[in-house]
Participant: 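Shown below is the structure under consideration.
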Amino acid sequence: MSQRLSYFLVLTGAVLWGTTGTAQTFMPQTIHPLAVGASRLAVGGFSLLAILLIMRKIDFRNWPWRPTIYAAISMAVFQYLFFSSVRHTGIAIGTVVAIGSAPVFSGFIEWFLLKRRPNGIWITATLLAIIGCALLFLNKEGIVVNPIGVTMSLGAGLLFAFYALVNKEVLEKIEAIPAVAVIFSASALMLLPFLFRFETEGLLTGSGIAVVIYLGIATTSVAYILFSTGLKRIPSSSAVTLSLAEPLTAALLSVAVVRERLDLTSWTGIAMLLGGILVLTMSGRKSKESHVANK
């Protein structure tokens with residue numbers, strides 16, 4: 001596989017992730033966000049797990065269950081907060097705040113739990129992200145922006161950061177695709193009981209089924225497989241930079257398809273959030289190049 005194709009696969013996976021919020025808007029609004037998340041994980045996790053079991057590509061011997069359960073819980077609650085935030089504050093804002101805040105929270109988690117103090121680059125990125133979020137809050141005229149939705153997005157970002165931390169422990173012993181299949185399946189099992197407690201009217205309609213299948217297969221299984229396949233051939237810093245196509249895709253689709261209206265203040269906040277992520281990813285690339293040069 002050529003390096004150019006690898007970049008394309010990672011970019012395609014990120015673009016698919018960016019369609020999640022827009023796809024949800026085509027579902028009946030009577031469906032509770034937790035039902036959406038549970039259905040998505042069930043389709044994506046169970047289908048991927050079934051394929052791996054049929055191909056005998058998964059081995060449960062010596063499986064790291066403790067971090068797996070932590071990762072599954074994080075992903076399960078993330079689904080609720082993310083889909084709820086999209087309902088409250090819109091696709092563009094909900095996605096960008098969730099994805100943009102995750103690296104910031106990841107830095108805090110490493111600081112307090114792993115005792116890794118942040119450097120100047122991380123502080124700069126954090127300030128950009130905070131200012132970006134503040135600009136979103138200042139947008140009083142935006143129809144789709146409200147504090148509840150943004151707060152839920154921040155919660156989703158925190159959980160995704162924690163998921164990445166515990167998932168790293170899983171990946172030290174297990175290959176990426178089997179790890180995701182088991183984690184997503186476990187998350188789905190945790191959320192399935194709530195389908196009987198929350199509103200699911202419209203879930204089994206034509207549009208409901210179509211969107212759930214799309215979310216489960218395209219934005220979960222296929223997107224992650226594309227990302228993982230491309231990641232094998234390119235630097236991880238480059239892959240993370242390409243993943244910025246997710247919030248950019250969400251923002252563009254929110255305007256072009258859903259007709260959300262974002263003013264200059266919102267776009268400035270989005271730009272600063274993405275700028276913070278770019279600072280982190282580009283600094284990671286420079287650190288790696290410096291490390292190689294000094295060898």
Side-chain angles (χ1 to χ4, degrees), residues 16-17 19-21 23-24 27 31-50 52 58 60 63-89 94-95 97-99 101-102 105-106 109 113 148-171 174 176-200 203 208-209 211-225 227-228 246:
L16 286 173
W17 290 334
T19 66
T20 301
Q24 185 196 357
M27 300 184 76
I31 305 175
H32 193 277
L34 195 58
V36 177
S39 302
R40 174 195 185 188
L41 291 179
V43 172
F46 293 156
S47 62
L48 188 58
L49 183 62
L52 291 175
I58 191 168
F60 290 108
W63 190 279
W65 287 110
R66 184 184 60 82
T68 296
I69 296 301
Y70 288 156
I73 294 174
S74 300
M75 185 55 60
V77 182
F78 169 84
Q79 299 298 312
Y80 169 71
L81 291 178
F82 176 74
F83 282 105
S84 295
S85 71
V86 169
R87 290 279 181 90
H88 283 284
T89 198
T95 302
V97 173
I99 302 303
S101 64
F105 285 125
S106 179
I109 291 174
L113 296 184
I148 295 177
V150 174
T151 301
M152 286 185 166
S153 296
L154 290 172
L158 173 61
L159 282 168
F160 189 81
F162 182 74
Y163 161 80
L165 180 67
V166 294
N167 189 43
K168 184 176 181 179
E169 186 175 346
V170 177
L171 294 175
I174 306 298
I177 295 179
V180 168
V182 173
I183 290 172
F184 281 15
S185 296
S187 296
L189 289 175
M190 294 175 185
L191 292 180
L192 284 179
F194 293 97
L195 289 177
F196 300 99
R197 299 189 58 184
F198 292 101
E199 184 60 58
T200 59
L203 186 62
I209 294 174
V211 173
V212 166
I213 292 176
Y214 175 79
L215 291 176
I217 301 299
T219 70
T220 303
S221 296
V222 174
Y224 187 85
I225 291 174
F227 185 84
S228 299
E246 176 180 358

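Values reported hereafter were calculated over all heavy atoms of this structure, with side chains retained and with hydrogens, waters and symmetry mates removed.
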Participant: Roughly how far, to the nearest 0.5 Å, is OG of S153 from CG of L158?
Facilitator: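 Between L158 CG and S153 OG, I get 12.5 Å after rounding to 0.5 Å.
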Participant: How far apart are the C-alpha atoms of T19 and Y214, what are their side-chain angles, what is the distance that settles it, and do they pass the side chain to side chain contact (heavy atoms under 4.5 Å, CB included) test?
Facilitator: CA-CA 10 Å; T19 66; Y214 175 79; 2.7 Å; yes
Participant: Is the shortest side-chain heavy-atom distance between R40 and T20 below 4.5 Å?
Facilitator: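 Yes - at least one pair of side-chain heavy atoms lies under 4.5 Å apart.
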Participant: Starting at CG of L41, measure out to OG of S187 and round the result to the nearest 0.5 Å.
Facilitator: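 Spacing of CG (L41) from OG (S187) equals 5.5 Å.
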Participant: Any non-hydrogen side-chain atom of L52 less than 4.5 Å from a side-chain atom of V182?
Facilitator: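 Not in contact.
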Participant: Would you say that more than 12 heavy atoms from the other residues, nucleotides or ligands in this model lie under 6.0 Å from the CZ of F46, or not?
Facilitator: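 For F46, atom CZ is crowded (more than 12 foreign heavy atoms under 6.0 Å).
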Participant: Can you tell me how far the CD1 atom of I109 sits from the CZ atom of F162, to the nearest 0.5 Å?
Facilitator: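 Reported to 0.5 Å precision, the distance equals 7.0 Å.
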Participant: For the residue pair N167 and P67, establish whether any side-chain heavy-atom pair is separated by less than 4.5 Å.
Facilitator: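 When only atoms from C-beta onward are counted, P67 and N167 do not touch, as no gap falls below 4.5 Å.
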Participant: Considering all heavy atoms of both residues, which atom of A23 and which atom of V211 are nearest to each other, and what is their separation?
Facilitator: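 Answer, listing the atom of A23 first, then V211: O-CG1, 3.4 Å.
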Participant: Looking at S85 and V150, would you say the former's side chain and the latter's main chain have a donor-acceptor pair under 3.5 Å?
Facilitator: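 It does not hold such a pair.
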Participant: Show your reasoning for whether side chain to side chain contact (heavy atoms under 4.5 Å, CB included) applies to E169 and R66.
Facilitator: CA-CA 10 Å; E169 186 175 346; R66 184 184 60 82; 2.8 Å; yes
Participant: Does T220 reach the main-chain N or O of L215 with its side chain, forming a donor-acceptor pair under 3.5 Å?
Facilitator: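 Flag set: sc T220 to bb L215 pair under 3.5 Å.
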Participant: How long is the gap from CG on L159 to CG on L154, to the nearest 0.5 Å?
Facilitator: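 The CG atom of L154 is 11.5 Å from CG of L159, to the nearest 0.5 Å.
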Participant: Are any non-hydrogen side-chain atoms of I183 and Y163 less than 4.5 angstrom apart?
Facilitator: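 Contact flag for I183/Y163 side chains = yes.
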Participant: In Å and rounded to the nearest 0.5 Å, what is the CG to NE2 distance from L81 to H88?
Facilitator: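 The CG atom of L81 sits 10.5 Å away from the NE2 atom of H88.
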Participant: Can you give me the closest heavy-atom contact between A186 and A72, atom names plus distance?
Facilitator: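 Here A186 and A72 meet closest at CB-CB, 3.7 Å.
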Participant: Can you tell me how far CG of L113 sits from CG of L165, rounded to the nearest 0.5 angstrom?
Facilitator: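 Taking CG in L165 and CG in L113, the distance rounds to 6.5 Å.
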Participant: Should V166 and V170 count as side-chain neighbours, where that means a heavy-atom distance under 4.5 Å?
Facilitator: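 When only atoms from C-beta onward are counted, V170 and V166 do not touch, as no gap falls below 4.5 Å.
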Participant: Please check: side-chain N/O of T89 versus main-chain N/O of G149, any donor-acceptor pairing under 3.5 Å?
Facilitator: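 Between the backbone of G149 and the side chain of T89 there is no qualifying donor-acceptor contact (under 3.5 Å).
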Participant: For the residue pair F105 and A161, what are the closest heavy atoms and their distance?
Facilitator: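 Heavy-atom minimum between the residues: CB-CB, 3.9 Å.
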Participant: Report the relative orientation of the aromatic rings in F160 and F78; use parallel for angles under 30°, tilted for 30 to 60°, perpendicular for over 60°.
Facilitator: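 It falls in the tilted class, 30° to 60°.
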Participant: Does a side-chain heavy-atom distance below 4.5 Å link M27 with V212?
Facilitator: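 Side chain of M27 against side chain of V212, heavy atoms only: contact under 4.5 Å found.
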Participant: Checking the side chain of T219 only, and the main-chain atoms of L16 only, is there a donor and an acceptor separated by less than 3.5 Å?
Facilitator: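 A pair under 3.5 Å: no.
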Participant: Is a side-chain N or O of S74 found less than 3.5 angstrom from the main chain of Y70, in a donor-acceptor match?
Facilitator: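 Side chain of S74 to backbone of Y70, a donor-acceptor pair under 3.5 Å: yes, one is there.
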Participant: Mind listing the closest non-hydrogen atom pair of I174 and P64 along with its distance?
Facilitator: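 Closest approach of I174 to P64: CG1-CD, 3.6 Å.
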